[in-house]
J.: 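Dropping a structure here in structure tokens format, bear with me for questions.
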Amino acid sequence: MWEGISTGFATAFTLANVGWVLLGCMAGTIIGMLPGLGPITAIALMIPVSYSLDPASGLIMMAGVYYGAVFGGSTSAILINAPGVASTVATSFDGYPMAREGQAGRALAIAAYASFAGGTLGALALMAFAGYLAALALEFQSPEYSLLLLVAMVSVVVFADRGARVRSLVTLLIGLMLGTIGTDQLAGIPRFTLGRYDLADGLNFVLVVMATFALAEAMRMVLLDDSTPPGRVSLRELVLPRPLVRPLVPVVGRSAAVGFLTGVLPGAGATLASFFAYDLEKRVGNGTRESGVAAPEAANNAASTGSFVPLLTLGIPGSGTTAVLLGVMLSYGLQPGPRLLTEQPEIFWGVIASMYLGNLFLLALNLPLIPLLARLLNLSSSLLIPLIVAFSLVGVYLTTLNGFDLYLMLGLAVLALLLRWFDFPLAPLLLGFILSGLFEENVRRTLFIGEAGYSEILQRPAVLVLLMLLIVLCLVPLRKQGADPIERH
Amino acid sequence: MGYRLFLLTLLLTAVAYTISARMIPMDPWTAAELVNAQTLPTVYGLLLCAALAWLLIRGGQQADPPSPYRVLRVAGMLGLSVLFVLLFGRIGLWPALGGLISLSALWLGERRWLPLLGLSVLVPLTGYLGVEVLLGLYLPD
């Protein structure tokens with residue numbers, strides 16, 4: 001392994017590859033900040049550039065684009081509550097309120113440091129455990145996934161405040177129902193499309209998130225005449241004080257571990273990782289807004305790194321983004337999998353080694369930009385609100401290129417505004433929407449397998465553990481407890 | 001809109017969704033599956049109906065209604081957004097965006113001509129240069 005690692009560093013640290021990492025990080029960050037353009041679009045847009053490079057340089061650049069885009073997405077989530085990337089939704093829960101309290105600079109700085117730490121810890125873990133984790137990830141199949149997703153959804157409801165459990169359940173179900181619109185993936189049957197071709201592919205994630213978070217927030221600001229207190233951020237403020245950093249260190253460590261392990265699982269990815277880490281931190285941590293920003297940021301970056309485990313070691317893309325990366329690898333004539341490690345170690349280890357460099361570049365590139373970005377909030381509400389509305393509408397149009405989606409978005413924004421007005425939490429809606437397709441697919445596969453004999457499913461150790469966890473979770477409402485961190489949003 | 005009326009509207013939507021779920025057409029093979037294309041949507045619909053019925057029976061705290069003036073401002077913003085969607089196919093995305101920004105800012109009370117004009121021109125221009133020129137994305141009319 002050490003020989004491979006040294007080969008990787010030798011590959012990644014050539015002047016040309018350092019330059020490609022830098023370019024990838026810059027391009028990814030800028031594209032990630034743009035409305036509606038996430039990591040998949042960023043990577044797709046950079047494919048023509050990668051074709052002019054050798055495989056190692058091309059993949060090193062693409063990896064930079066990937067985590068750069070994840071990083072860039074958190075900026076719009078914190079500043080205007082418009083998480084254009086699913087994995088930054090959880091960041092907006094505490095990041096946006098911090099920005100509204102005049103702490104945009106601090107929130108962005110925490111996000112930058114936590115992303116750096118999460119990404120670096122993820123790269124370390126990738127180097128140390130890639131082989132073992134790949135074998136473990138293969139053990140996770142439909143029954144385990146179904147239960148894992150059920151655990152995630154049940155915990156959002158049962159850990160809610162006693163008075164808000166039913167309201168959380170309502171929004172979770174609305175999210176799940178929105179996720180059923182479109183062509184059924186397993187049977188190919190159109191569902192709830194009202195005969196419209198525009199709905200055949202279902203609702204786009206960016207549409208739902210922009211409608212429920214960004215647009216609904218803008219409308220709420222109009223309704224309440226809510227304005228953000230002005231605040232200036234100097235570079236000096238980006239150096240976080242030690243009393244603030246100390247409690248965040250374990251938060252980042254825990255969240256990076258959660259994020260990396262979740263990222264390793266094919267299909268789970270950075271979104272679920274950020275939700276898990278946020279929820280975990282609000283329960284076991286000190287529950288501050290700072291830790292609420294640090295946890296999802298560390299987790300989603302670690303998960304992005306973790307998602308390279310199934311891709312590089314097994315040739316299985318765990319997410320849409322890594323599927324595009326797989327396509328890039330295949331176009332180079334590379335066959336990701338166990339043989340990549342033995343036959344082309346310079347590529348395998350080179351990509352991993354470049355991640356250290358990439359995370360460092362991301363921090364160096366983004367910290368100086370924070371004072372500039374935070375000034376956006378100094379705009380008066382009569383200018384900021386039109387900008388948020390414009391940002392949301394254009395973001396969705398750039399994603400779907402369909403005018404009908406914009407009408408849908410406006411309708412959903414009105415629904416979200418009413419839900420917020422009547423104290424219904426919106427985060428469960430988004431979680432339900434994100435997990436809906438994955439949950440249904442895995443449940444149906446599990447029961448299809450189950451027809452051959454449920455006893456085999458129940459003999460799987462992970463199934464038993466998750467079933468017990470589910471039973472324990474269902475018993476939680478029987479005892480009194482505090483407010484739910486996710487429910488509040 | 002009052003809280004109970006809102007819940008009632010949601011409940012009616014949930015009922016309509018559940019009925020639609022039961023009417024999803026399926027081939028005999030899919031229909032024979034233990035969990036098919038209808039199953040989970042039906043479960044979601046029924047659970048939502050039950051949860052909403054529970055909230056309706058239990059009642060709840062009524063949020064203070066916003067002033068008609070504020071509701072009118074929101075309606076105006078929504079109207080301008082609809083106008084943007086109607087117009088961008090005809091006059092182009094970026095000019096329509098400039099119009100949306102300037103008209104919404106005016107609607108919300110912005111009267112300083114320099115920031116108003118500046119943002120209405122700079123944002124669409126940056127969008128055009130970034131998306132169409134730099135990234136080379138083709139936007140259909």
Side-chain angles (χ1 to χ4, degrees), chain A residues 30-31 34 37 45 163 166-167 169-170 173-174 176-177 180 184 186-187 189-192 215 218-220 222-225 379-383 385-387 389-391 393-394 397-398 401 403 406-407 409-410 413-414 417-419 421-423 432 436 439-440 443-444 446-448 450-451, chain B residues 1 3 6-7 10 14 17 20-21 24-27 30 33-37 39-41 44-45 47-48 51-52 54-55 58 60-61 63 66 70-71 73-74 77-78 80-82 84-85 88-89 93 97 100-102 104-105 108-110 115-116 119 123 127 130-131 135-137 139-140:
Chain A
I30 293 167
I31 299 172
L34 292 174
L37 304 184
L45 287 168
V166 182
R167 289 202 299 274
L169 178 66
V170 165
L173 288 166
I174 292 175
L176 286 166
M177 286 156 75
T180 60
D184 173 34
L186 293 181
I189 302 164
R191 297 189 298 185
F192 312 108
L215 206 52
M219 298 302 168
R220 197 189 66 88
V222 178
L223 207 58
L224 300 175
D225 197 19
L379 287 173
S380 64
S381 61
S382 57
L383 288 173
I385 293 169
L387 278 183
V389 173
F391 190 85
L393 289 169
V394 171
Y397 183 68
L398 288 180
L401 299 176
L406 299 183
Y407 290 116
M409 182 191 180
L410 291 169
V414 173
L417 181 65
L418 286 167
L419 284 168
W421 187 259
F422 292 116
D423 259 351
S436 182
F439 178 64
E440 183 168 13
V443 165
R444 285 166 70 179
T446 303
L447 294 174
F448 189 72
E451 283 173 8
Chain B
M1 183 184 261
Y3 179 63
F6 177 62
L7 289 181
L10 279 182
Y17 174 91
S20 308
I24 293 169
M26 287 188 298
D27 58 64
T30 312
E33 286 172 9
L34 186 62
V35 176
N36 56 40
T39 317
L40 283 183
Y44 299 156
L47 277 174
L48 184 60
L52 289 166
W54 167 261
L55 285 176
R58 239 185 84 220
Q61 283 187 338
R70 295 273 162 215
V71 176
R73 273 162 60 102
V74 174
M77 286 299 294
L78 285 169
L80 287 170
S81 304
V82 171
F84 163 77
V85 184
F88 80 76
L93 178 68
L97 187 69
L100 171 71
I101 293 172
S102 53
S104 332
L108 294 177
E110 183 61 54
L116 197 133
L119 279 180
V123 172
V131 174
L135 296 178
L137 285 181
L139 301 180

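Since we're looking at a predicted model, the values are computed, not measured. Proteins come first, then strands; the chains are lettered A, B, ... in the order of their sequence lines, and each starts at number 1.
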J.: Identify the two heavy atoms, one from B/Ala105 and one from A/Pro386, that lie closest to each other, and give their separation to 0.1 Å.
T.: N-CG, 3.6 Å
J.: Can you tell me which of B/Glu110, B/Met77, B/Met26 forms the most heavy-atom pairs within a distance under 4.5 Å of chain A?
T.: B/Glu110
J.: If we define contacts as heavy-atom pairs under 4.5 Å, which of B/Asp27, B/Val85, B/Leu10 has the most with chain A?
T.: B/Val85
J.: Based on non-hydrogen pairs under 4.5 Å, which of B/Thr39, B/Val123, B/Leu7, B/Leu78 is most in contact with chain A?
T.: B/Leu78
J.: Using non-hydrogen atoms and a 4.5 Å limit, figure out which bit of B/Leu47 sits close to chain A: side chain, backbone, both or neither.
T.: both
J.: Need one label for B/Ile101: side chain, backbone, both or neither, based on atoms under 4.5 Å from any heavy atom in chain A.
T.: both
J.: Looking at residues at least two apart in the chain, or sitting in another chain, which of them share a side-chain contact (heavy atoms from CB on, under 4.5 Å) with A/Leu169?
T.: A/Val157, A/Leu173, B/Ala51
J.: May I ask you to decide if the ring planes of A/Phe422 and B/Tyr3 are parallel, tilted or perpendicular, using 30° and 60° as cut-offs?
T.: tilted
J.: Which bit of B/Leu48 comes within less than 4.5 Å of chain A, counting heavy atoms only: side chain, backbone, both or neither?
T.: both
J.: State the CG-CZ distance between A/Asp184 and A/Phe192, to the nearest 0.5 angstrom.
T.: 10.5 Å
J.: Could you check which of B/Leu108, B/Leu100, B/Leu116 has the highest count of heavy-atom pairs closer than 4.5 Å to chain A?
T.: B/Leu108
J.: Can you tell me how far apart CG (B/Leu97) and CZ (A/Phe391) are? Round to the nearest 0.5 Å.
T.: 11.5 Å
J.: So what's closer than 4.5 Å to chain A heavy atoms on B/Leu80: side chain, backbone, both or neither?
T.: neither
J.: Checking heavy atoms, do the side chain of A/Leu417, its backbone, both or neither come under 4.5 Å from chain B?
T.: side chain
J.: Return the option, out of A/Leu383, A/Ile174, A/Leu406, with the maximum number of heavy-atom pairs under 4.5 Å with chain B.
T.: A/Leu383
J.: Where on A/Leu176 is there a heavy atom nearer than 4.5 Å to chain B: the side chain, the backbone, both, or neither?
T.: both
J.: To the nearest 0.5 Å, how far apart are OH in B/Tyr44 and CZ in A/Phe439?
T.: 5.5 Å
J.: I want to check something: taking the side chain as every heavy atom from C-beta on, are B/Phe6 and A/Trp421 in contact at a cut-off of under 4.5 Å?
T.: no
